[in-house]
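Quantities reported herein were computed from a predicted structural model and do not represent experimental measurements. Chain identifiers are assigned alphabetically (A, B, ...) following the order of the sequence lines, protein sequences preceding nucleic acid strands; residue numbering begins at 1 within each chain.
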Amino acid sequence: MNTGNSRKRSAAATPSPQQQQKHHAVMEEEDLDEDVFLEETLLQYEEDSQVLRELEESNAIKERLQKWKRPSLSQAYIAQTQSISFQQLEIDYIIAASHKELLPNSSGQAAILRIFGVTKEGNSVCCHVHGFEPYFYISCPPGMGPDDISRFHQILEGRMREANRNSNAPKFVRRIEVVQKRSIMYYQQQASQSFLKIVVALPTMVTSCRGILDRGIQIDGLGMKSFLTYESNVLFALRFMIDCNIVGGNWIEVPVGKYKKAARNLSYCQLEFDCLYSDLISHSPEGEYSKMAPFRILSFDIECAGRKGHFPEPTQDPVIQVANLVTLQGQDQPLIRNVMTLKSCSPIVGVDIMSFDTEKEVLRAWRDLIREVDPDIIIGYNICNFDLPYLIRRAEVLGMAEFPMLGRIRNSRVRVKDATFSSRQHGTRESKEITIEGRVQFDLFQAVQRDYKLSSYSLNSVSAHFLNEQKEDVHHSIISDLQNGNAETRRRLAVYCLKDAYLPQRLLDKLMFIYNYVEMARVTGVPISFLLSRGQSIKVLSQLLRKAKQKDLVIPNAKQAGSEQGTFEGATVLEARAGFYEKPIATLDFASLYPSIMMAYNLCYCTLVTPEEVRKLNLPPECVNKTPSGETFVKSTLQKGILPEILEELLTARKRAKADLKEATDPRVKAVLDGRQLALKISANSVYGFTGATVGQLPCLEISSSVTSYGRQMIEHTKKLVEDKFTVLGGYEHNAEVIYGDTDSVMVQFGVPTVEEAMKLGREAADYISGTFIKPIKLEFEKIYYPYLLISKKRYAGLLWTNPDKHDKMDAKGIETVRRDNCLLVKNLVTECLYKILVDRDVPGAVQYVKNTISDLLLNRMDLSLLVITKGLTKTGDDYEVKTAHVELAERMRKVG
DNA sequence: TGCCTGGCCTAT
DNA sequence: TGAGATAGGCCAGGCA
């Protein structure tokens, strides 16, 4: 890599001194934030950094600061003659006094939303949004008139005051409106009914108010009455996004005249202003607005001088180096390469080295870098659970109160919270939650762990896997020695540290995380930060709330809405006729099985009919479907389900994205589109899981058990149809046999000897059977396995063919070769066996191979202990058990063969 | 030795 | 207040 070259390029990207000068003149005239910003920054240095003040004189520092800074604001922004468009990355809110000018009739404290983002020129934005109020719904008791509502309001206000005695809020319940809505639960004949929209002063009051209504309140004439609340568990920032049609990572525009420049800057952002929520224009992410702003991405890594044999602890072990890499989104070379070292460090070509005498200065310099560079996204490897908490704790230990001001809000500290994330999918994980206001944290460790199944998640092995690149070879144990050496040894450490900052950036690019995550945020509507910190269900809920809002439906907050807790029956796995098949096996698959079932049978919360209602309403049989699990849903002629509608939109959008992807030539556009089609597919598949999540937001087991019951029926139907139609009696050469099938697939032996013939029959069968199902359920011919080794349910291997000329690859499912709980020896042994069986077609040879390998190992125990790290060996200390397991495996293969 | 249970990991 | 689902194979370890 030519670092000299990239340095020149990055220098050209920042404005020339002359340009700066020009802006400066204008700015002085207008007394603008740029200038104030600079002044305040310098003041800050005087306050808390003596060393920097001394160096302030030096040109090197000025140059460095110049390079770190964002591009200056253009004239039009400064003069406020242009609307402000920016890509939003983060939205949060604060509690503060209402804006007098924008909301003259309001008083007291209010929630003010803050949207952080970047303009297409690369200027940072902090937009304070006023006037959006927290609210939720309850259904309106019948016969409630305006007087009753006003009385109800008074009672509720009183109860709220009682429950929040420490609060000095002038008012809790701002107002109660009657609105026409309908619950999303169950099919209902009347178009809508009255609901009360309860608007409260602050977001936290929603929870408190819900509690009161849950427990019940005394109402004249009605007695003690408890209320089911609706949409009372929607996080305030998400509520705002939904109501304003804002999706994660989209572009927002505030027209000229609609924004007021803040009198005092609360943030370090270049453009900071106030506006009303009703004046925001949210652009859907299409065309120009599907592009990405040039975010600033900081990748960093720290090194600590741990004591020998101990993992570094912030209470004792100092931070000795911090490496930083700053890259603009969309560029392939970093803008800044920097290392901060404790004690001197020899130069590294193309790297800005800052050396300090004390650890405090190192930490302070890093804080200053964050402030000056102003990154939108902070990345690294395991930064959320190691580097960031370590830095913060370490600064605490050193008594540096000024350190943890890393966010975009002036004088505001980062917040650290212990959090646990537990799901059946990922298990229970302890983690630290660190809030850095206005900046997105993206931990590559978390992202890779979520999105990829690997045997090891160390930075080294992940880099080797995806990048074919390894870490610099420096062992932990010698870090302290390198630090205590000289400028040369510390240079070696710095190179290591830099590489650890460089690899996460490479992974981010290679795996296209920015594109994929921004697209996921856009498709599902949640903020980007939710994608790493929250589960799958918030994404479905966000889509559901958006769709429900369009249709004037409201979502109840009840945990077991409409379904008794419990478990439900899943999919059918057809009996596996274990064996070694030397004739081609055709695989027929249902495309997106569960989504298409939900669409075909209109399964939704709002189409479900309770057994009592079925009797009461006396619905004509042609208007309803009774599912194989015994539930009733109305057909779309009476009421179209919103889950099916969401799914249709997701799947048609995916088709379009895939079509556009074919047309696209620009690699960036391609990346966006590929990220989008992936996000759309994942989203469609998680809707079913959402309805079956008994500990989720809106479980509905009637839906999920109906989905699986249709699935079971379909796979049995498919098996029967294939075996009935493709027979000698039916005019075919052989009788077809379904030898296996799982959930949405059947494996068929048509009896023909060639791949080509099997493909032809596979296609014919898929078309024929598809014709017997309701749209959009479709059975597709997918691939041929030839030969095919079926060991048992969920365990098989075969050579996979998608065209008749040559096989694509060897494919193995569920076998030791794909499992991560076996030692490498077992894995390699079995892979070799499969190769011999499937490619060489030599089953006795495979068995002999296993026996030979094992007896070799028996002869050489040394090799064994080096190679085998098995559960059997480590747990029992008896390696013989492990070997019997291998022999058994070989025996089984022999039997099967 | 066979039978059962819990833990782990995978298939879909 | 935060968490997609079930089916199923195989092993370790306890017990008789």
Side-chain angles (χ1 to χ4, degrees), chain A residues 204 206-208 210-211 214 229 232-235 238 419-429 431 433 450 453 455 524 530 533-541 557-559 566-576 578 587 589-595 682-701 703-709 711-712 715 740-747 782 790-797 811-822 826 870-878 881-882 884-886 888-889 892:
Chain A
T204 49
V206 171
T207 322
S208 152
R210 177 185 60 207
D214 269 347
T229 63
S232 59
N233 54 350
V234 184
L235 297 170
L238 189 62
T420 54
F421 182 95
S422 82
S423 77
R424 245 180 256 185
Q425 198 174 33
H426 298 106
T428 300
R429 268 181 210 155
S431 64
E433 205 180 281
R450 259 188 189 230
K453 282 232 171 294
S455 50
T524 60
F530 279 23
S533 66
R534 309 281 298 263
Q536 298 288 331
S537 67
I538 189 74
K539 296 190 275 185
V540 180
L541 185 68
N557 194 38
K559 264 280 182 268
T567 179
F568 63 94
E569 194 182 339
T572 294
V573 182
L574 296 179
E575 221 40 65
T587 306
D589 279 54
F590 286 103
S592 314
L593 178 68
Y594 288 175
I682 295 171
S683 299
N685 285 334
S686 52
V687 171
Y688 151 77
F690 179 84
T691 66
T694 42
V695 279
Q697 297 271 17
L698 195 65
C700 184
L701 299 194
I703 297 175
S704 28
S705 60
S706 293
V707 170
T708 55
S709 70
R712 291 193 297 274
I715 196 171
Y740 179 54
D742 186 346
T743 311
D744 62 354
S745 64
V746 289
M747 315 296 202
E782 182 107 329
L790 179 55
I791 297 174
S792 69
K793 284 181 174 181
K794 300 190 191 282
R795 291 166 67 84
Y796 61 80
D811 197 21
K813 293 287 163 72
I815 303 179
E816 279 74 0
T817 53
V818 297
R819 293 181 65 94
R820 298 176 300 166
D821 55 352
N822 285 93
V826 171
T870 76
K871 18 184 206 186
L873 193 62
T874 50
K875 280 233 172 176
T876 66
D878 182 357
E881 262 182 58
V882 177
T884 51
H886 295 170
E888 272 168 27
L889 181 82
R892 199 162 61 231

Quiz prompt | Euclidean distance, atom CG of residue A:D744 to atom P of C:dT6 [Å, nearest integer] | solution = 17 Å

Self-check item: For atom CG of A:L235 and atom P of C:dT1, their distance in whole Å
Solution: 12 Å

Quiz item: Among B:dT10, C:dA3, C:dT1, which is the nearest nucleotide to the side chain of A:F421?
Solution: C:dA3

Quiz item: With sugar-phosphate meaning primed atoms plus P, OP1 and OP2, does A:S686 contact a base, only sugar-phosphate, or nothing at under 4.0 Å between heavy atoms?
Solution: nothing

Quiz item: With a 4.5 Å heavy-atom cut-off, do A:N557 and A:D214 have their side chains touching?
Solution: no

Self-check item: Nearest to side-chain heavy atoms of A:R210, which nucleotide of B:dT10, C:dT1, C:dG4
Solution: C:dT1

Quiz prompt | N or O in side chain of A:S792 less than 4.0 angstrom from C:dG9 OP1/OP2 | solution = no

Quiz item: For A:D742, which contact category applies under a 4.0 Å heavy-atom criterion: base, sugar-phosphate, or nothing?
Solution: sugar-phosphate

Quiz item: What is the distance, rounded to the nearest whole Å, between atom CD1 of A:I715 and atom P of C:dT6?
Solution: 18 Å

Exercise. Under 4.0 Å between any heavy atoms, over every strand shown, what does A:G570 touch: base, sugar-phosphate, or nothing? Just pick one.
Key: sugar-phosphate

Quiz item: Any idea which of B:dT12, C:dA3, C:dG4 is nearest the A:A693 side chain?
Solution: C:dG4

Quiz prompt | Contacts of A:F590 that satisfy ring-ring contact (aromatic ring centres under 6.0 Å, His included) - sequence neighbours left out | solution = A:F773

Exercise. Take the protein atom CG of A:D821 and the nucleotide atom P of B:dC8, then report the distance between them rounded to whole Å.
Key: 10 Å

Practice problem: Determine the contact category for A:F568: base if any of its heavy atoms lies under 4.0 Å from a base atom, sugar-phosphate if only primed atoms, P, OP1 or OP2 are that close, otherwise nothing. | Solution: sugar-phosphate

Quiz prompt | From B:dT10, C:dG2, C:dT1, nucleotide with atom closest to A:R534 side chain | solution = C:dG2

Quiz prompt | Comparing A:V573 and A:F690 on DNA chain C - which has the more 5′ nearest nucleotide | solution = A:F690

Practice problem: Check A:T524 against A:S683 and note the closest heavy-atom contact, atom names and distance. | Solution: CG2-OG, 3.4 Å

Quiz item: Out of B:dT12, C:dA5, B:dA11, which nucleotide sits closest to the side chain of A:K794?
Solution: B:dA11

Self-check item: Short side-chain to backbone donor-acceptor contact, A:Y688 and A:I703, under 3.5 Å
Solution: no

Exercise. Measure from the side-chain N and O atoms of A:R795 to the backbone N and O of A:G814, and report whether any donor-acceptor pair falls under 3.5 Å.
Key: yes

Quiz prompt | Protein-nucleotide distance (A:L698, atom CG; C:dG4, atom C1'), rounded to Å | solution = 14 Å

Quiz item: Rounded to whole angstroms, how far apart are CG on A:L593 and P on B:dT12?
Solution: 13 Å

Quiz item: Which part of the nucleic acid, if any, lies within contact of A:S704, taking any heavy atom under 4.0 Å across all strands shown: a base, the sugar-phosphate backbone alone, or nothing?
Solution: nothing

Quiz item: Across the strands shown, which category fits A:F590 at heavy-atom distances under 4.0 angstrom: base, sugar-phosphate, nothing?
Solution: nothing

Quiz item: Can a side chain N or O of A:R795 be found less than 4.0 Å away from OP1 or OP2 on C:dC10?
Solution: yes

Quiz item: Within the distance-only criterion (no hydrogens, no angle test), does the side chain of A:T708 pair as donor or acceptor with the backbone N or O of A:E569 below 3.5 angstrom?
Solution: yes

Quiz item: Contact class for A:K813 (heavy atom, under 4.0 Å): base, sugar-phosphate, or nothing?
Solution: sugar-phosphate

Self-check item: Of the listed nucleotides C:dA5, B:dT12, B:dT10, the one nearest the side chain of A:Y796
Solution: B:dT12

Exercise. Could you pick out which residue, A:S533 or A:E569, lies toward the 5' side of DNA chain C when each is mapped onto its nearest nucleotide?
Key: A:S533

Quiz item: What does A:V818 touch in the nucleic acid at a heavy-atom separation under 4.0 angstrom: a base, only the sugar-phosphate, or nothing?
Solution: sugar-phosphate

Quiz item: To the nearest Å, how far apart are A:K793 NZ and C:dT6 P?
Solution: 17 Å

Quiz prompt | Short side-chain N/O contact to C:dT6 OP1/OP2 from A:T567, under 4.0 Å | solution = yes

Self-check item: Rounded distance (Å) that lies between atom P of C:dT1 and atom CG of A:D214
Solution: 14 Å

Exercise. For the residue pair A:Q697 and A:F690, establish whether any side-chain heavy-atom pair is separated by less than 4.5 Å.
Key: yes

Self-check item: Atom P, compared across B:dT12 and C:dG4: separation rounded to whole Å
Solution: 22 Å

